[in-house]
Q: 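Okay, here's the structure, questions in a sec.
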Amino acid sequence: MITRDEVHRILKEYDPNSLAIGTLGSHSSLNIFKGAKEEGFKTVSICKKDDAIIYKKFPVADEILIVEDFSELLNESLQRKLRKLNTVLVPHGSFTAYLSTEQMTNSLYVPMFGNRELLHWEAGRERQREWLLKAGLRLPKTFDRPEEIKGLVIAKLPGAKGGRGYFLADSSESFHKKTNEMVRRGLLNKRDVSNIHLQEYILGVNVYPHYFSSIVRDEVEFLGVDRRYESAVDAIGRIPADVQLDMEISPTYTIVGNIPITLRESLLPELIRMGDAVMKTAKELAAPGIIGPFCLETIITDNLEIYAFEISARIVAGTNVGIGTSPYAYLKYGENMYAGKRIALEIREAHEQDRLTEIFM
Ligand code: AMP
Ligand code: AMP
């Protein structure tokens, strides 16, 4: 694992007055780059050739480094280029989707905004669960074996991204029937069946609150909320139930976009306490805790119970709904504050107070 000292030695070689903010050209890069430019930073996109078109339409990337594959971020030559440009990286969902936790903690010799040690707590379902439970959050029940299934469960395949391959079951019989069918169709490896994570299905609506943990200001801010727009699950309701039965469709959850939400105000106190508690626990698990944006994935039931089923300890693409502003960012900052800009503001303030080593690890 790359130590903090090593990262800080790299940072020392940088000219702190001309830092560039870099990230992979995908996910929330426009959000990050726009915010960086508004706070006076240069920007560097590590981008696939066919995707560079977005920076023609939206001119927020000063440097574009073309790669064939995002895993090239691990190449020494690319890292040398990034360091030469004084680049600090802001990680987002494509980092964890295309690189492993080990690669990010062991092979990325470029200062990264955030706490690399927390990546281990975030990566595994078990450890994440431990973290959220320790913070006192309400979580869906889990079942160790299909025989224990009671009620409706959502079955999550190991390493499934964006809900692809999730399915629902309501008994060990329906679980085995579905897994046998998936194995038969080549959608599932037989040896993965025992690694499927069985979680109580919570009937409710998805709510993803966005937080920002500021190390410089020692505060957790509440900056916005979104919900996801997922194919095919958000389409199923458009088909009459009798037709659905004939089609035997299972819901899939491929993310297509995000929709902003403003919440019933009486839900805010608990969501705010949840964010504070998650940060406080993170501090105990891996000091200084979360650096910068994070998001809880929650489901809220009809008696207004809030279940958390996941945490992302970095910027989420759902914050893209707030580029410009969101009602909650507005309440705190007035016009023009959003995740990408808030990150850049944190970096600027840390620089002004000579505290850059507290936010880059
Ligand atoms: P991409 O770079 O688009 O392949 O996305 C990388 C990862 O981030 C994938 O796991 C996606 O499921 C996730 N992701 C991308 N866009 C969004 C979004 N708008 N909301 C939530 N997750 C997303
Ligand atoms: P994820 O890949 O964890 O982001 O989840 C994909 C989709 O599955 C999201 O729309 C979630 O709302 C849904 N989901 C995940 N866990 C549960 C659960 N325990 N109960 C109901 N829906 C869930």
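Start at 1 and go down the list; that is how both ligands and their atoms are numbered. Below, each value reflects all heavy atoms present in this structure, side chains not excepted, and no hydrogens, waters or symmetry copies.
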Q: Go through the side-chain N and O atoms of Asn17 and His351 and say whether any donor and acceptor fall under 3.5 Å apart.
A: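 Yes - a donor-acceptor pair under 3.5 Å links their side chains.
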Q: Can you tell me if NZ on Lys37 sees more than 12 non-hydrogen neighbours from other groups inside 6.0 Å?
A: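 Count over threshold, so yes.
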Q: Please compare Tyr166, Tyr229, Tyr201, Tyr208 and report which has the shortest non-hydrogen distance to atom 2 (O) of ligand 2.
A: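 It is Tyr166 that holds the nearest heavy atom.
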Q: Please verify the inter-ring angle class for Tyr166 with Tyr253; under 30° counts as parallel, over 60° as perpendicular, anything in between as tilted.
A: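 Correct class here is tilted.
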Q: Could you check whether Tyr333 and Thr325, counting side-chain N and O atoms only, form a donor-acceptor pair closer than 3.5 Å?
A: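 The answer is no; no qualifying pair exists.
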Q: Show me which atoms of ligand 1 lie under 4.0 Å from any heavy atom of Asn258.
A: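 Near Asn258, meaning under 4.0 Å from one of its heavy atoms, ligand 1 has 18 (C), 19 (N), 20 (N).
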Q: Can you sort out which atoms of ligand 2 are near Gln199, meaning under 4.0 Å from one of its heavy atoms?
A: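 Near Gln199, the atoms of ligand 2 are 16 (N), 17 (C), 18 (C), 19 (N).
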Q: Between Tyr211 and Phe222, how do the two ring planes meet: parallel, tilted or perpendicular, split at 30° and 60°?
A: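 Plane angle over 60°, so perpendicular.
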Q: Show the atoms of ligand 2 that are less than 4.0 angstrom away from any heavy atom in Glu310.
A: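 By the 4.0 Å cutoff, the relevant atoms are 1 (P), 3 (O).
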Q: Which of the numbered atoms in ligand 1 are below 4.0 angstrom from a heavy atom of Ser94?
A: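 This gives 1 (P), 2 (O), 5 (O), 6 (C) as the contact atoms.
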Q: Does any N or O atom in Ile202 lie less than 3.5 angstrom from one in ligand 2, N or O only?
A: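 Yes, since at least one N or O of Ile202 sits under 3.5 Å from an N or O of ligand 2.
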Q: Could you list the atoms of ligand 2 found under 4.0 angstrom from a heavy atom of Glu230?
A: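 In order of number, 7 (C), 9 (C), 10 (O).
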Q: Measuring from the heavy atoms of Phe70, does anything fall under 4.0 Å of ligand 1?
A: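 Not so, Phe70 does not reach ligand 1.
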Q: With Asp276, which residues qualify under side chain to side chain donor-acceptor pair (under 3.5 Å), at least two apart?
A: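 For Asp276 there are no side chain to side chain donor-acceptor pair (under 3.5 Å) partners, ignoring immediate neighbours.
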Q: Give the atom numbers and elements of ligand 2 that come within less than 4.0 Å of a heavy atom of Glu297.
A: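 Result: 3 (O), 4 (O).
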Q: At under 4.0 Å between heavy atoms, is it the side chain or the backbone of Ser26 that contacts ligand 1, or both, or neither?
A: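 Only the side chain of Ser26 comes within reach of ligand 1.
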Q: Charged N to carboxylate O under 4.0 angstrom, Lys81 versus Glu63?
A: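 No, this pair does not count.
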Q: Are Glu6 and Thr3 linked by a side-chain donor-acceptor pair shorter than 3.5 Å?
A: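 Glu6 vs Thr3: donor-acceptor pair found between side chains.
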Q: Start with the C-alpha distance between Glu346 and Ser214, add both sets of side-chain angles, then the distance that settles side chain to side chain donor-acceptor pair (under 3.5 Å), and finish with yes or no.
A: CA-CA 7 Å; Glu346 182 81 356; Ser214 169; 2.8 Å; yes
Q: When you look for heavy atoms under 4.0 Å from ligand 2, do you find them on the side chain of Tyr307, its backbone, both, or neither?
A: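 Neither part.
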Q: Heavy-atom contacts with Ala317 under 4.0 Å: which atoms of ligand 1 show up? List them by number with element.
A: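 Near Ala317, meaning under 4.0 Å from one of its heavy atoms, ligand 1 has 16 (N), 17 (C), 18 (C), 19 (N), 20 (N).
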Q: Pairs of nitrogen or oxygen atoms closer than 3.5 Å, one from Lys156 and one from ligand 2: do any exist?
A: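 Yes; the residue has a nitrogen or oxygen that sits under 3.5 Å from a nitrogen or oxygen of the ligand.
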Q: How does Tyr253 reach ligand 2, if at all, at less than 4.0 Å between non-hydrogen atoms: by side chain, backbone, both, or neither?
A: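 Side chain only.
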Q: More than 12 non-hydrogen atoms from neighbouring residues, nucleotides or ligands closer than 6.0 Å to CG on Asp15, yes or no?
A: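 Enclosed: over 12 neighbouring heavy atoms sit under 6.0 Å from CG of Asp15.
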Q: Below 4.0 Å, non-hydrogen atoms only: which portion of Glu200 touches ligand 2? Side chain, backbone, both or neither.
A: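 For Glu200, the contact with ligand 2 is made by the backbone alone.
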Q: Would you kindly say whether Arg4 and Asn115 are connected by a side-chain donor-acceptor distance under 3.5 Å?
A: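 Yes, a side-chain donor-acceptor pair sits under 3.5 Å.
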Q: Are Arg83 and Glu13 within salt-bridge range, i.e. N to O under 4.0 Å?
A: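 Salt bridge: no.
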Q: With heavy atoms of Asn206 as the reference, note each atom of ligand 2 found under 4.0 Å away.
A: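 Once the distances to Asn206 are compared, the set is 9 (C), 10 (O), 11 (C), 12 (O).
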Q: Distance under 4.0 Å to a non-hydrogen atom of Tyr98: what atoms of ligand 1 satisfy this?
A: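 Checking each atom against Tyr98, I get 1 (P), 2 (O), 4 (O).
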Q: Given that the side chain starts at C-beta and the backbone is N, CA, C, O, which of these parts of Ile299 lies under 4.0 Å from ligand 2, counting heavy atoms, or is it both or neither?
A: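 For Ile299, the contact with ligand 2 is made by the side chain alone.
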Q: Given that the side chain starts at C-beta and the backbone is N, CA, C, O, which of these parts of Arg228 lies under 4.0 Å from ligand 1, counting heavy atoms, or is it both or neither?
A: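 Answer for Arg228: side chain.
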